[in-house]
Amino acid sequence: MDVSSLTIRKIQKGLTDKKFSCEDLTKTYLGNIQKTDKEINAFITVFDKQAVEEARRVDGLISKGKKLLALEGVPLAIKDNMLVSGQKCTAGSKILENYVAPYDATVVKKIKKQGGIILGKTNLDEFAMGASGEYSAYGVTKNPHSSEHVPGGSSSGSAAAVSADMCPVALGSDTAGSVRYPSSLCGVVGMKPTYGAVSRCGLIAMASSLDQIGPIAKNVEDAEILFNEIKGKDSMDATSYEQLQEISKKIDIKNLRIGVVKECLRDGIQKEIIDITKASIDKLEKQGAKIETVSLPHIEYGIACYYIIMPAEASSNLARYDGVKFGKTKEAKDLLNTYLETRGEFFGKEVKRRIMLGTYCLSAGYYDSYYLKAQKVIVKIKEDFDNIFKKVDLLLTPTSPFLPFKLGERLTDPLSMYMADLLTVPANLAGLPAISVPAGSVGKLPVGIQFMAPQYEEERIFKIAKFFETL
Ligand code: GLN
């Protein structure tokens with residue numbers, strides 16, 4: 001069975017038309033995982049048995065003529081920083097190697113309620129910190145398009161799994177680009193919702209003021225279906241809200257005003273990426289879109305702000321992993337040494353770097369000059385977006401400043417790794433919805449472009465992305 005072109009709609013149609021059974025479909029994906037994942041390493045845990053049992057349940061429903069729920073019979077994968085009750089949740093870290101989730105994340109609860117079949121948990125950079133998929137304690141993930149190149153991170157496993165036909169859709173989390181960036185490098189669609197559109201309950205926190213869960217899929221429609229099933233207010237996450245569809249202005253694709261951000265197409269962005277972005281702009285212009293070059297003068301401070309806010313929040317969130325409350329413990333002579341040795345041994349190098357940076361930024365005397373200052377700059381970045389969205393409906397930029405790089409190439413230079421977030425981090429700082437869609441390739445390496453919209457305007461980015469997909 002060839003699953004390479006299957007989408008959610010096609011899967012459900014195939015199931016109800018009895019073209020294939022859900023058991024066969026699920027076993028095909030599990031077979032693909034078994035075959036392909038030795039090389040790619042996209043999964044940390046695979047739920048073979050439970051997935052097949054669940055598929056049989058769906059087959060039973062179909063044979064009784066029951067109508068399928070929104071995700072019923074659809075196999076999918078979940079990044080291993082979201083809790084699935086009774087299953088291990090490692091967040092890509094040694095420190096959580098033996099941690100078993102005591103409850104379902106809200107997104108997982110919603111997926112189960114709609115009949116989705118969870119195939120397993122995907123690999124990620126430790127605690128979602130990283131841009132290459134190389135910082136996991138469970139091994140490096142490779143790019144399915146070229147095994148010498150990185151798949152992008154931190155949702156490396158979810159993007160690689162969708163790209164390599166190990167599942168049709170998956171969930172990732174995005175704090176600075178971790179859904180969009182690997183999606184761009186793996187040639188798939190990745191979407192980050194407005195901050196608060198999706199509940200973070202049961203997502204292992206990295207930087208709580210920026211984290212959002214988002215869908216990764218082969219096409220925009222699937223990303224939209226999955227988003228619609230996971231979104232919504234949740235009493236367990238005070239920052240979540242109910243989305244009102246009606247608020248989205250009716251937009252006419254043919255008359256769209258699209259802003260091309262000039263700071264995102266200048267020196268420093270690889271030429272091949274600029275060329276593909278310009279070709280995408282031309283295509284949209286030919287269809288009647290009004291293209292305007294716009295400026296967001298403060299986004300050049302995005303990376304600097306992020307690498308203060310994120311480590312500060314992460315250092316506080318990660319304080320709970322002390323060998324007492326969660327995960328692994330390194331027995332030592334007293335409590336203090338238990339903390340020191342557990343954290344010293346089981347956190348990776350990059351995570352430790354960020355904890356140190358974060359505690360430094362938050363320490364007495366430095367708080368004002370780092371954390372507070374960064375928060376003030378974020379206000380400026382938000383104002384830039386507010387002003388621009390008075391003139392244009394959407395913004396267009398490349399997703400990544402450079403092509404997928406070679407495995408190992410940026411491992412010894414953290415700053416060059418941080419540059420991967422250059423074009424995706426502004427949407428997180430401003431809380432905006434954004435999507436990365438495939439726009440071309442250089443040789444076998446995929447390249448994506450990004451659309452950003454004002455807060456709560458998910459509908460607008462899905463519309464434009466679906467339209468762009470047809471060009
Ligand atoms: N590259 C970003 C980082 O390392 C990605 C973070 C994210 O979106 N989870 O922090």
Side-chain angles (χ1 to χ4, degrees), residues 78-82 90-93 122-136 140-141 150-159 170-186 190-193 195 198 200 203-216 302-315 317-318 347-358 361 374 399-402 404-405 409-411 413-436 448 450 452:
I78 312 263
K79 185 176 181 178
D80 202 22
N81 61 352
M82 294 170 224
T90 68
S93 181
T122 53
N123 208 349
L124 66 156
D125 289 294
E126 186 175 359
F127 284 104
M129 298 177 190
S132 69
E134 294 169 294
Y135 289 151
S136 167
V140 168
T141 303
V150 302
S154 65
S155 311
S156 46
S158 287
L171 285 187
S173 65
D174 191 311
T175 307
S178 281
V179 163
R180 290 159 288 157
Y181 187 73
S183 296
S184 172
L185 271 56
C186 290
M191 185 262 183
K192 181 201 94 74
Y195 182 74
V198 177
R200 289 176 292 112
L203 166 70
I204 292 184
M206 178 189 178
S208 310
S209 72
L210 306 169
D211 298 340
Q212 260 302 279
I213 294 170
I216 296 177
I303 294 262
C305 284
Y306 172 74
Y307 281 94
I308 289 171
I309 303 288
M310 174 274 304
E313 295 185 14
S315 71
N317 276 326
L318 268 57
F347 276 141
K349 208 165 139 193
E350 181 61 27
V351 171
K352 284 188 215 164
R353 185 180 354 258
R354 298 201 192 188
I355 292 173
M356 285 191 282
L357 265 174
C361 291
T399 308
S400 165
F402 30 72
F405 45 93
E409 200 177 289
R410 289 176 192 245
L411 274 181
D413 182 1
L415 286 183
S416 77
M417 190 74 92
Y418 299 168
M419 288 314 285
D421 313 337
L422 185 70
L423 307 172
T424 45
V425 75
N428 300 78
L429 297 175
L432 310 177
I435 194 165
S436 175
Q450 171 180 236
M452 291 183 271

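We count ligands from 1, going down the list as the structure has it; atoms in each ligand are counted the same way.
Between the side chains of Asp211 and Ser173, not a single donor N or O lies within less than 3.5 Å of an accepting N or O. Counted by atom type alone, Tyr195 and Arg200 present one or more donor-acceptor pairs between their side chains at under 3.5 Å. A side-chain donor-acceptor contact under 3.5 Å links Lys79 and Ser155.
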Go through the steps for Leu318 and Phe127 under the test side chain to side chain contact (heavy atoms under 4.5 Å, CB included), then give the verdict. CA-CA 9 Å; Leu318 268 57; Phe127 284 104; 4.1 Å; yes
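In this structure, Lys349 and Leu411 have side chains that are not in contact, with every pair of non-hydrogen atoms separated by 4.5 Å or more. Taking 4.5 Å as the limit, some side-chain heavy atom of Pro151 sits within range of a side-chain heavy atom of Cys186. With a 4.5 Å cut-off on side-chain heavy atoms, Asn317 and Ser208 count as touching. Looking only at side-chain heavy atoms (C-beta outward), Asn123 and Asp80 stay at 4.5 Å or farther from each other.
No part of Tyr418 comes within 4.0 Å of ligand 1, judged by heavy-atom distances. At a 4.0 Å heavy-atom cut-off, ligand 1 does not touch Phe127 at all. In Ser154, the part holding a heavy atom less than 4.0 Å from any atom of ligand 1 is the side chain.
Ligand-side atoms of ligand 1 in range of Tyr306: 2 (C), 3 (C), 6 (C), 10 (O), range being under 4.0 angstrom from any heavy atom. Shown in contact with Gly130 at under 4.0 Å from a heavy atom are these atoms of ligand 1, numbered in order with element: 1 (N), 2 (C), 3 (C), 4 (O), 5 (C). Interface atoms of ligand 1 facing Asp174, defined by a heavy-atom separation under 4.0 Å, are 8 (O). Of all atoms in ligand 1, numbered sequentially from 1 with element shown, those under 4.0 Å from a heavy atom of Tyr307 are 1 (N), 2 (C), 3 (C), 4 (O), 10 (O). Within ligand 1, the atoms closer than 4.0 Å to a non-hydrogen atom of Met129 are 4 (O), numbered from 1 in the order shown. Of all atoms in ligand 1, numbered sequentially from 1 with element shown, those under 4.0 Å from a heavy atom of Met206 are 6 (C), 9 (N), 10 (O).
Scanning the protein for heavy atoms near atom 2 (C) of ligand 1, the closest one is Asp421 OD2, 3.2 Å.
Note: no N/O pair closer than 3.5 Å links Ser173 and ligand 1 by distance alone.
Using 4.0 Å as the threshold, Tyr181 has no heavy atom nearer than that to any atom of ligand 1.
Across Arg354, Met310, Met417, heavy-atom proximity to atom 3 (C) of ligand 1 is greatest for Arg354. Here atom 5 (C) of ligand 1 lies nearest to Ser178 when heavy atoms of Ser178, Ala420, Gly214 are compared.
Using modelled atom types, no side-chain atom of Lys192 and backbone atom of Thr175 make a donor-acceptor pair closer than 3.5 Å.
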